[in-house]
Amino acid sequence: MLRIYNTLTRKKEPFIPVEQGIVRMYVCGITTYSDAHIGHARTYVAFDIIRRYLEYKGYKVTYVQNITDIDDKIINAAAEKNMDALEYSSYYAKRCLEDLEKLGVRPADMYPKASEHIDDMIEMVKKLVDRGYAYVSEGDVYFSVEKFRDYGKLSGQDMEQIKAGARIMPGEKKKKPEDFALWKAAKPGEPKWHSPWGEGRPGWHIECSAMSSKYLGMPFDLHGGGQDLIFPHHENEIAQAEASEGKRFVNYWLHAGLLKIRGEKMSKSIGNIINVRDALSMWDAESLRFFFASVHYRSPPDFSEEAMRNAENAVRRIRIAKEKLEMAAGEDDKFNEKGLDEVEKEYLNNVKKFIRNFEVAMDDDFNTPKAIETIFDFVKDTNILFMKKENPSPPLCRYALNTFLKIANVLTLLQEEEKKVDVEALKKIASGYGVEEQGSWEEMLERLLEIRRNARKEKNYALADEIRAKLKEIGIEIEDRGEETIWRIS
RNA sequence: GGGCGGGUCACCUAGAGGCUGGGUGGUGGACUGCAGAUCCACAUACGCGGGUUCAAAUCCCGCCCCGCCCUCCA
């Protein structure tokens, strides 16, 4: 039974979807005025894993993630560069999604943009005005917080606290400091749309209420985002949606812990923001994903070079175990348990234990660090199998490999990824040993390894070690296993 | 000031009142021409001070420190 921590109740609750077998989830996306950073990445990897686990459990998941392509920051940033705000934001929207995809985050089913749903938002604002929850003030429309009895239920604040923190900024025309804008009258030069209240643009919060309910209905199952969005963004989303529709908006609210860098918060003022594309130039995508998965989604991960080194090494161990299984696996995974010997039977039990433990871990509010423990248990079991047995049952290995991949994939690990080899560099090295540039690089590498094999036979270890060192420099690691030599791209 | 979540072995992270997690790194051993990989073993732990309990990292109280939110924020 899957249990999920719900910010709304501050408790782990059994997960029961609105419609059996189906999960509808919405995650607040990026405001696209600059490149995606690893804080974004942390959040979207976390929800990617949640989505994958739900699918693993057999749910049909609809995953919607919005793109905020119209807001103050975008308008200001675009103005500085003398660009059209929407053009500017669509450029970054594309880049951000590309970066996340390169990171190996599975795309959402839908990325609705705020600018393309103005009508839906106007519709919702109208309802709020009609129902008396909102008021018009000189072309602006504000939500009257005191009218919505449940305001504060998500962030756990009472109205007194909320009022204490509220302010009226210059230019705002609201009646009460705690009220928030649903619609803003256009200022000169800003992007604007027609509305019953004059030309203007929507407030930030309304897009998520309008788009999520449009595509997922009400109530829908899961709504996620970074912890920083609990107040006011998600609080306001609830107010807008529930006040306008008169029914519950979302059943489970999930919030990801915000990434820290070397113990500090990541912020512009500290100047420690790391973009996804920069991170990808320093570490491979799988190591980054492992790093995120190794911290529970509600905890704030502490990013550092050393933490990434840890992750890289851990990932290597997982990959090596997978390779062993790949080499031993047969075409199909049908085996007769009676045909297995003691060692294989024990391994089969371990595989089954692996599945059970993994599910127990993930059922407990998506406990990915615990799930990773089960991965390492399995890695060890696999290593022991190959230590005890030269050629274990190919169908058994296929079964174990399939299980391994299925589970690892939930944690975004062992995804198929192209491994890059610097072919030019390889050619250079190979030609240095008289290997002709012919055929694929794999064939070239084979011929080079043949030379090394001969060198080893002749006990010319200096030459053998030299070749090994040079290959390592370009990311090809080789390992001697008796007479055999295997290689991998690191 | 208010709300929320934390402080666990050198580092990163889980954690149920009792049976001393996992990864990375370290040390020793097995294997190996060496390296690597792998296995085995070992070491290093629960912010501080009290309390409850036969038993507390886990519950309670106080203190210190850190992070997030309190209308920009994934």
Side-chain angles (χ1 to χ4, degrees), chain A residues 7 10 27-31 36-44 46-47 65 71-73 76 145 152 155-158 160-169 172 174 177-181 203-205 224-233 235-236 255-260 263-268 290-291 294-296 298-304 306-318 320-321 323-324 361 364 367-377 379-380 382-384 386-388 456 459 461-462 464-465 468-469 472 477-482 486 488:
Chain A
T7 307
R10 281 174 219 85
V27 175
C28 284
I30 305 183
T31 300
H37 55 63
I38 55 175
H40 293 123
R42 184 274 186 284
T43 296
Y44 301 117
F47 286 106
Q65 193 180 116
D71 107 324
D72 288 347
K73 281 191 172 171
N76 294 338
V145 165
S155 52
Q157 305 178 88
D158 58 38
E160 288 314 305
Q161 293 171 329
I162 289 166
K163 283 182 183 167
R167 270 161 289 168
I168 299 184
M169 301 299 275
E172 289 184 322
K174 55 194 185 186
E178 64 271 23
D179 294 346
F180 59 91
W204 173 38
H205 314 294
Q227 252 159 11
D228 53 341
L229 298 183
I230 296 173
F231 190 87
H233 186 55
E235 195 74 71
N236 291 354
H255 292 95
L258 299 192
L259 186 90
K260 295 191 286 180
E264 292 180 303
K265 66 184 279 190
M266 185 170 74
S267 78
K268 277 223 172 91
F290 180 92
F291 169 76
S294 71
V295 184
H296 184 92
R298 281 192 282 122
S299 300
D302 195 354
F303 191 88
S304 65
E306 190 166 1
M308 280 310 302
R309 254 196 307 281
N310 286 353
E312 282 179 322
N313 291 336
V315 163
R316 184 174 311 132
R317 242 186 103 196
I318 295 172
I320 288 171
E323 285 165 11
K324 283 186 191 170
D364 182 16
N367 192 334
T368 53
K370 201 83 197 162
I372 286 175
E373 276 188 35
T374 69
I375 294 250
F376 281 105
D377 288 342
V379 164
K380 182 179 273 195
T382 301
N383 288 329
I384 289 174
F386 285 101
M387 202 169 57
K388 287 185 177 167
R456 287 184 69 218
K459 301 217 191 297
Y461 294 122
D465 291 355
R468 181 170 62 194
K472 191 174 165 99
E477 288 177 0
I478 63 178
E479 239 176 74
D480 297 320
R481 297 195 181 162
I486 63 152
R488 77 171 62 86

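The basis for the numbers below is simple: all heavy atoms, side chains too, and nothing from hydrogens, waters or symmetry mates. Each chain gets a letter, A, B and so on, in the order its sequence line appears, and its residues count up from 1.
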Next item on the list: Using the C1' atoms only, state how far C42(B) lies from G25(B), rounded to an integer number of Å.
Entry: 15 Å
Note to self: Taking any heavy-atom pair under 4.0 Å as a contact, classify His37(A): base, sugar-phosphate, or nothing.
What the structure shows: base
Margin query: Distance check, P atoms only: C69(B) and G26(B), in whole angstrom units.
Written below: 37 Å
Note to self: Please give the distance between the P atoms of G47(B) and G7(B) as a whole number of Å.
What the structure shows: 8 Å
Checklist line | Ion pair check, Glu312(A) and Arg309(A), cut-off under 4.0 Å | finding: no
Next item on the list: Take the protein atom CZ of Phe376(A) and the nucleotide atom C1' of C12(B), then report the distance between them rounded to whole Å.
Entry: 12 Å
Note to self: With rounding to the closest Å, how many angstrom separate the P atoms on A16(B) and U52(B)?
What the structure shows: 24 Å
Check: Is a side-chain N or O of Asp465(A) found less than 3.5 angstrom from the main chain of Arg468(A), in a donor-acceptor match?
Finding: no
Notebook entry, point to check: Of all residues at least two apart in sequence or in a different chain, which pass the ring pair (Phe, Tyr, Trp, His ring centres under 6.0 Å) check with His296(A)?
Noted result: none
Check: NA contact type, Leu259(A), heavy-atom cut-off 4.0 Å: base, sugar-phosphate, or nothing?
Finding: base
Next item on the list: Using the P atom on both, measure G21(B) against A45(B) and round to a whole Å.
Entry: 13 Å
Check: Taking only residues two or more places apart in sequence or in another chain, which ones pass ring pair (Phe, Tyr, Trp, His ring centres under 6.0 Å) with His205(A)?
Finding: Phe180(A), His233(A)
Check: If you take atom types as modelled and just measure distance, does the side chain of Asn310(A) reach the base of C11(B) with a donor-acceptor pair under 3.5 Å?
Finding: yes
Note to self: Roughly how many Å apart are G1(B) and C54(B), using the P atom of each and rounding to a whole number?
What the structure shows: 38 Å
Next item on the list: Using only heavy-atom distances, determine whether the side chains of Gln157(A) and Ser155(A) contain a donor-acceptor pair under 3.5 Å.
Entry: yes
Check: Is there side-chain contact between Lys163(A) and Val145(A), with heavy atoms separated by less than 4.5 Å?
Finding: no
Note to self: By the 4.0 Å heavy-atom rule, please label Tyr44(A) as base, sugar-phosphate, or nothing.
What the structure shows: sugar-phosphate
Margin query: Which is more 5' along RNA chain B, the nucleotide nearest Lys174(A) or the one nearest Pro369(A)? Just name the residue.
Written below: Pro369(A)
Item checked: Per Phe231(A) side chain, nearest of listed nucleotides G25(B), A74(B), C70(B) -> C70(B)
Item checked: Interatomic distance, Gln157(A) CD vs G2(B) P [rounded to whole Å] -> 13 Å
Notebook entry, point to check: Mind checking the C1' distance from A14(B) to C46(B)? Whole angstroms is fine.
Noted result: 13 Å
Check: Is the backbone of Gly257(A) close enough, under 3.5 Å, to the side chain of Arg42(A) for a donor and an acceptor to pair up by distance?
Finding: yes
Next item on the list: Measure from the side-chain N and O atoms of Asp302(A) to the backbone N and O of Gly263(A), and report whether any donor-acceptor pair falls under 3.5 Å.
Entry: yes
Next item on the list: Give one of base, sugar-phosphate or nothing for Glu160(A), where a contact means two heavy atoms less than 4.0 Å apart.
Entry: nothing
Check: Which of the following nucleotides, U71(B), C68(B), A14(B), is nearest to the side chain of Lys265(A)?
Finding: C68(B)
Mind listing the N/O atom pairs, protein and nucleotides 4-10 of chain B, below 3.5 Å?
none

Notebook entry, point to check: Given C12(B), G22(B), A74(B), which nucleotide is nearest the side-chain atoms of Cys28(A)?
Noted result: A74(B)
Next item on the list: State whether Asp364(A) and Lys370(A) are salt-bridged, where the test is any N-O pair (Lys NZ or Arg NE/NH1/NH2 against Asp/Glu carboxylate O) under 4.0 Å.
Entry: no
Item checked: Nearest-nucleotide pick for Met266(A), side chain only, options being A14(B), C66(B), A74(B) -> A74(B)
Notebook entry, point to check: NA contact type, Asp377(A), heavy-atom cut-off 4.0 Å: base, sugar-phosphate, or nothing?
Noted result: nothing
Item checked: No-H, no-angle donor-acceptor pair, Glu373(A) side chain to G21(B) base, under 3.5 Å -> yes
Check: When the C1' atoms of U38(B) and U44(B) are considered, how many whole Å apart are they?
Finding: 24 Å
Next item on the list: At under 4.0 Å between heavy atoms, which parts of nucleotides 30-40 of chain B does protein reach? Answer with one letter per nucleotide, 5' to 3': B base, S sugar-phosphate only, - none.
Entry: ---BBBBSSSS
Item checked: Ile230(A) CD1 - U71(B) C1' separation (whole Å) -> 15 Å
Notebook entry, point to check: Of the options Lys388(A), Lys324(A), Arg317(A), which is the one that meets Asn383(A) in a side chain to side chain donor-acceptor pair (under 3.5 Å)?
Noted result: Lys324(A)
Next item on the list: With RNA chain B as reference, determine whether Asn367(A) or Gly263(A) sits nearer its 5' end, using the nearest nucleotide of each.
Entry: Asn367(A)
Next item on the list: Starting at atom CZ of Phe291(A), determine the distance to atom C1' of A14(B), rounded to an integer number of angstrom.
Entry: 15 Å
Next item on the list: May I have the distance from Asn313(A) (atom CG) to C11(B) (atom P), rounded to whole angstrom?
Entry: 17 Å
Note to self: Regarding Gly224(A), tell me which of base, sugar-phosphate or nothing describes its non-hydrogen contacts under 4.0 Å with the strands shown.
What the structure shows: nothing
Check: Can you give the dot-bracket line for RNA chain B, where a pair is Watson-Crick or G-U wobble with both atom distances under 3.5 Å, crossing pairs use [ ], and | marks a partner on another strand?
Finding: (((((((..((((....[..)))).(((((.......)))))....(((((..]....))))))))))))....
Margin query: Heavy atoms only, 4.0 Å cut-off, all strands: where does Gly39(A) land among base, sugar-phosphate and nothing?
Written below: base
Check: Leu258(A) CG to C69(B) C1': how many Å, rounded?
Finding: 9 Å
Next item on the list: For the pair Glu235(A) and Ile162(A), evaluate side-chain contact (heavy atoms from CB on, under 4.5 Å) and give the outcome as yes or no after the intermediate values.
Entry: CA-CA 11 Å; Glu235(A) 195 74 71; Ile162(A) 289 166; 5.6 Å; no
Next item on the list: State plainly whether the residues Arg167(A) and Glu172(A) are in salt-bridge range, i.e. N to O under 4.0 Å.
Entry: no
Check: Rounded to the Å, how far apart are Lys260(A) NZ and U13(B) C1'?
Finding: 13 Å
Checklist line | Under-4.0 Å side-chain N/O to phosphate OP1/OP2 contact, Arg309(A) with U24(B) | finding: no
Margin query: Run Leu258(A) and Lys265(A) through side-chain contact (heavy atoms from CB on, under 4.5 Å) and show every step you take.
Written below: CA-CA 8 Å; Leu258(A) 299 192; Lys265(A) 66 184 279 190; over 6 Å; no
Next item on the list: Check every strand shown and say whether Ala256(A) touches a base, only sugar-phosphate, or nothing at a heavy-atom separation below 4.0 Å.
Entry: nothing
Notebook entry, point to check: Taking the side chain of Leu229(A) as its heavy atoms from C-beta onward, which of A14(B), A74(B), U71(B) lies nearest to it?
Noted result: A74(B)
Note to self: I'd like to know if the side chain of Glu477(A) reaches the main chain of Lys472(A), judged simply by a donor and an acceptor atom lying under 3.5 Å from each other, with no hydrogens or angles considered.
What the structure shows: no
Check: Of all residues at least two apart in sequence or in a different chain, which pass the ring pair (Phe, Tyr, Trp, His ring centres under 6.0 Å) check with Phe291(A)?
Finding: Phe303(A)
Check: Whole-Å distance between G23(B) P and Ile375(A) CD1?
Finding: 12 Å
